[in-house]
Amino acid sequence: MVFLKKEMKTFHIHIQGVVQGVGFRPFVYKQAKKNNLKGWVNNTTDGVHIHINTDVTPANNFLQELLNNLPPLAIVTSFNIDEADFHGYDSFEIIQSESNAKPNLLLTPDVAMCKDCRKELYHPENSRYQYPFITCTNCGPRYSIIKKLPYDRVTTTMATFEMCDVCWEEYNNPMERRHFSQTNSCPDCAIEMQLYENNRWTKSFTNLDYIVEKWREGKIVAIKGIGGFLLTCDATSTEAVDTLRKRKKRPSKPFALMYPDCMVINKDTILKEDEKKELESIYAPIVLLPVRPISERKNNLALEAINKGLSRIGIMLPYTPLYDLLLQKFNHPIIATSGNITNSTIIFEDEKAVGELSKIADIILLNNREIVVPQDDGVIQFSEKNRQKITLRRSRGKAPIYIDPKLILPENTVFAAGSMLKSVFGLINSRNIYISQYLGNTESFDAQLNYEKTFRHFQQILEADIDTVIVDKHPDYFSTRFAKKLAEKNRAKVYELQHHVAHLFSAIGENNLLHSEDKILGVIWDGTGLGDDGNIWGGEFFVYEKGEVERAFHLDEFDFILGDKMPKEPRISALAIAHDIEGSEKYLKRKFTDIEWKIYQKMLGSEGNLKCTSMGRLFDAVSSVLLNCDVHRFEAEASMRLENLATDYYYNNKMILADSYFKEDNVPQNFVKFLFKEIFRDLDIGVAKEIIAAKFHLSLVGYIIHVANMLKISRIVFSGGVFQNALLVDMIHDFMRGKFDLYFQNEFSPNDEGIPFGQLMYLAGNKIKHSV
Ligand SMILES: [Zn+2]
Ligand SMILES: [Zn+2]
């Protein structure tokens, strides 16, 4: 018999955000027990619901207590408490999950192994000692294994694994840290590994020493991880790395590395605190780190084979227990690169892995936990001096959510199609933002399929009924065509947004400046995007004021010839910019055959050429002239090498703005042509190339300052692929901070991956009506 005090009522609490797959219900259970409250908690498709018997004040206090003590992975975006019809409960319980409404939930990303699990993994007395799939409510795969909402064991690919008695007991015991841990398993009810070698399968494979042995022999091993397969080999063996390059058909793009721990990383780079923090974070991204000079390096890295002369290497830590176990045994760095043929999507299905990766890898280590959503590893870096964080790829660990409670989002269900080379899409659904992982280069058919499949997955689990679509102005992007077709089917409204304006909104949205009182100057520099005038843009200065955007200034136009060939061959940019400069022939002619030279010269003279203002092409041109980087072997290679060339000189010499080519008291009519005249003159008199490269970078800072002063705007946002250049970012900080308000992107990439977020922000900036 339950005795009810007179003031006893029933309260209903509703919490939304990242609240599933993070141990939220067990957490509520424990707090309720602690407070002697009775009622229940459950998971639904629109968040977590709680009922409790108590009075107003203690009910509010209880909610506050929950919010103040959230589990590590939980993020609350909204909460509500109200009085419900009275119902007396005689205990507190976790009750069955239910699908009660249109999904209104944020999907929990996959996160790296937590410290508690790591401790258990290496504790000989623990029942999960050296078990490669140890997880708990605070770590492990989530987004990559979920098929449906709400998140529960039966809606994930863990559904096929039956828990043993001990795990089941743990799962049901509120005092255990694996209470309601949906990824729970142990050696007795294990996720099993299989080895594929020489057309032979070994089931129930457990011998990790064998893998390490293969690395030592210089073999290539494909390993199924969280988001897909990684191709691995010993990073100290030039032969192994070269073999991998040959088989993967990736002649020169740098490879990422996985190190056992920070101590071993320190042998090859001087790890800074912010970098270490990122490496060890739950996102566990690849961090680009400056490599030590050869005399100081201790791991005997096959550096030339790994990064082909660039000064930074991409490093990550083992983020799954399996990788951790393997790397601890090996105790050296390995190459860990996405398992695919170059430019295709990361392979994540067992069958496809055996079919395709067996052409690259000598052995394949699989496991029987299915992956639903493939994801590459994320990539970030910090600028050397001012420690500006730059995201290069936002993927595993971050996707598919973005949370900013300050953003006011429309009620519409919006699909933002993104761009082409670095395809990512975005959604607004039930006033939540979803930004997909990096989906590949949709020039490839494989990536197109991946894009479509990932979209269908989102649409299905969120029951998203798209009513608004926003696309890039470029009619031929795969994403644009896909989204327009979708809009037609759904009778959705279609918005088109110019490529660089989308970059601008991405930076403005991320920095919460949509409603800025002050005018904003947007410096948007990237490769190529279709402009409003039908030309190719990419060196743009926009003025943003109260939601309106004006193209206020841009890089001097030069001819854009040969279509897609120009972005792929920096020598053509050099020719297009500098062909009519006196004395340029001796630097340019040798890059072309006689026939090419003749034809291209003629083309450049003709009327009706497309015009181009792309800063990316200007970098290409300078890189071609200084470094003979004439044909890209991978995207943005020329710019990366040019940055690389200038880096040491800049940091080791105290340069001032007056050292650059840009002179404020003598501003040239045509900045682009002027730059090349100066560069040729320096080359003629034998100035060192690294100095010319540094002066070139610095000139761009002078140019930005000039335009900002001319337009009398001090609040500046930067976006576009050029701002992946950490040296340029550092120079901007060095010479502009204090005098200007500077805003960079750091959560989203300044490259085209940031486009869909910008497209969404454009609509959120009051372009579509919403009721609050
Ligand atoms: Zn854990
Ligand atoms: Zn078990």
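Just so you know, ligand 1 is whichever comes first in the structure, and atom 1 is the first atom listed for that ligand.
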Residues which pass ring pair (Phe, Tyr, Trp, His ring centres under 6.0 Å) with His14, listed by chain and number, not counting sequence neighbours: His49

Tell me which donor-acceptor pairs under 3.5 Å the side chains of residues 132-142 have, and how far apart each pair is, sequence neighbours excluded?
unit_1: Thr135; atom_1: OG1; unit_2: Thr183; atom_2: O; d: 3.2
unit_1: Thr135; atom_1: OG1; unit_2: Thr183; atom_2: OG1; d: 2.8
unit_1: Thr137; atom_1: OG1; unit_2: Arg177; atom_2: O; d: 3.2
unit_1: Arg142; atom_1: NE; unit_2: Gly21; atom_2: O; d: 2.4
unit_1: Arg142; atom_1: NH1; unit_2: Cys139; atom_2: O; d: 3.1
unit_1: Arg142; atom_1: NH2; unit_2: Gly21; atom_2: O; d: 3.1
unit_1: Arg142; atom_1: NH2; unit_2: Cys136; atom_2: O; d: 3.1
unit_1: Arg142; atom_1: NH2; unit_2: Thr137; atom_2: O; d: 3.2
unit_1: Arg142; atom_1: NH2; unit_2: Cys139; atom_2: O; d: 3.3

Plane angle bin for Phe455 and Phe425 - parallel if under 30°, tilted between 30 and 60°, otherwise perpendicular: perpendicular

Ring geometry between Tyr434 and Phe458 (parallel below 30°, tilted from 30 to 60°, perpendicular above 60°): perpendicular

Residue and atom names of protein N/O/S atoms that fall under 2.8 Å from the Zn ion (ligand 2): Cys164 SG, Cys167 SG, Cys186 SG, Cys189 SG

Trace of the ring pair (Phe, Tyr, Trp, His ring centres under 6.0 Å) decision for Phe180 with Tyr171: CA-CA 5 Å; Phe180 276 73; Tyr171 181 86; 5.2 Å; yes

Approximate separation, where rounding is to 0.5 Å, of Cys114 SG and Arg118 CZ: 11.0 Å

Side chains of [X] and [Y] only: does a donor on one sit below 3.5 Å from an acceptor on the other?
X      : Y      : value
Ser436 : Tyr451 : no
Asn429 : Lys102 : yes
Gln375 : Tyr143 : no

Polar protein atoms near the Zn ion (ligand 1) [N, O or S; cut-off under 2.8 Å]: Cys114 SG, Cys117 SG, Cys136 SG, Cys139 SG

